[in-house]
Amino acid sequence: MIEVQSVKYTLESENELTFSVGGKGIHGIFCDDDGETALLTDILSGAKEALVGTVLIGKEEVKLRPSEQRERIGVALSKMPFYDDITVMETLGFIATAKKIDPEKSSRQIKEALSLLGIENIAKKQIKRLSIQNRRRVSAAQALLGNPDTIIFESPTADIGEICEKEMRELIKMLGNIKSVVILSSDSDLLVDVCEDVKVISGGRLLFDGSSEELAFRLDGSRRITVTLKGSEENIEKASLRIKVFDGVEFLECDGNTVTVDFDSKLINREAILSAFEGSGLTVRAVKISARALAESLGKTQGENKEEEE
């Protein structure tokens, strides 16, 4: 179990975070900002000390015994900083050494991790030759080394295709049967699908803490998709004008080669929106789907409740 007590992101911040996460099963934390997701991942894993407040892992304060406490957490980043020119096996061996795992144990753990994640066939491949999906699996494999109590996934479904996303969800569900798993992501659909409980955090404030079923009810179809495109500005503008009048599209904004669309998933799905861009001769380079409207709505509700109390 990881406990966060009165944590602030900056010394000037008025917002304090207090919550606990972990234990058996899969637990989610929704953040609508990539920077906040990365920062929270670092704080929860003990990689970065909170400027204000306390973080406990297993009832023990991280900063008192940082190296020992970090051993209890495995972190799978969406963009793990691997050396591209070495093989998967060499990468895992290097990380096992960095984690100070006994050589005899590390050899066994590496084989077990490769087998568990179904990537024995790429063990001798160079990292630079791997697909995004397989890089994510290698990231998960290194997180398992040392047999940590908890695995933290940071944005595990970001920038991968629909088929790969389904595979990643199944992988996370499988690991949730043997480990405590915590997911930090802006993909609300992922969190609702695989997590037992979800926290919604925005700007250093805890806006929601409840079951995934309750979160799904709060979402009520509201989604936001941010698409990074490759193509001419003219084609992006033409595609945007087409999508803007689709039934279920509530808001659309263009910023260069990035388009943000708010839509009702009960009336239109993201595949229809992406197909419209691709049908206009554009290449979809990155996709981020979130429920930012939820964070905005919850934040507004909290503000209204506070005013009523005053």
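None of the values given here were measured: they were computed from a predicted structure.
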Are L116 and I178 side-chain neighbours, meaning at least one heavy-atom pair lies under 4.5 Å? yes

Are the side chain of S107 and the backbone of P103 linked by a donor-acceptor contact shorter than 3.5 Å? no

With the side chain counted from C-beta on, respond yes when D255 and T260 share a heavy-atom pair under 4.5 Å apart, and no when they do not. no

What verdict does the salt bridge (charged side-chain N to carboxylate O under 4.0 Å, His left out) test give for R169 and E165, after you've listed the backbone C-alpha separation in whole Å, the side-chain angles of each residue and the deciding distance to 0.1 Å? CA-CA 6 Å; R169 291 187 185 201; E165 182 179 323; 2.8 Å; yes

Mind checking salt bridge (Lys or Arg N to Asp or Glu O under 4.0 Å) for K238 and listing every partner two or more places apart, or none if nothing turns up? E234

Hey, could you give me the CZ/OG distance between F153 and S78, rounded to the nearest 0.5 Å? 11.5 Å

Under the ring pair (Phe, Tyr, Trp, His ring centres under 6.0 Å) rule, collect the residues that match up with F19, sequence neighbours excluded. none

Is the shortest side-chain N to carboxylate O distance from R108 to E104 below 4.0 Å? no

Pairing residues for E213 by the salt bridge (Lys or Arg N to Asp or Glu O under 4.0 Å) criterion, not counting sequence neighbours: none

Does Q109 use its side chain to pair, donor to acceptor, with the backbone of G146 at less than 3.5 Å? yes

Look only at the side chain of N257 and the backbone of L229, and say whether a donor-acceptor pair between them is shorter than 3.5 Å. yes

Verify the neighbour count for atom NZ of K48: are there more than 12 heavy atoms of other residues, nucleotides or ligands below 6.0 Å? no

Between I183, I2, I29, L40, which is the residue that forms a side chain to side chain contact (heavy atoms under 4.5 Å, CB included) with I152? I2

What I want to check is whether the side chains of S20 and E3 have a donor and an acceptor closer together than 3.5 Å. no

Once rounded to the nearest 0.5 Å, what's the spacing between atom CG of D209 and atom CD of E214? 9.5 Å

Inspect the contact between R135 and D84 and indicate whether a charged nitrogen and a carboxylate oxygen are less than 4.0 angstrom apart. yes

All heavy atoms of L17 vs all of G204, minimum pair found to be CG-O, 3.4 Å

Donor-acceptor check, side chain of K99 to backbone of S106, threshold 3.5 angstrom: yes or no? no

Verify the neighbour count for atom CD of E278: are there more than 12 heavy atoms of other residues, nucleotides or ligands below 6.0 Å? yes

Decide whether K179 and N147 meet the rule of one side-chain donor and one side-chain acceptor closer than 3.5 Å. yes

Could you check whether any side-chain N or O of S212 sits under 3.5 Å from a backbone N or O of C195, counting only pairs where one atom can act as donor and the other as acceptor? yes

Just by distance, no angles: are the side chains of E90 and T87 close enough, under 3.5 Å, to form a donor-acceptor pair? yes

Under 3.5 Å, is there a donor-acceptor pair between the side chain of R136 and the main chain of P156? yes

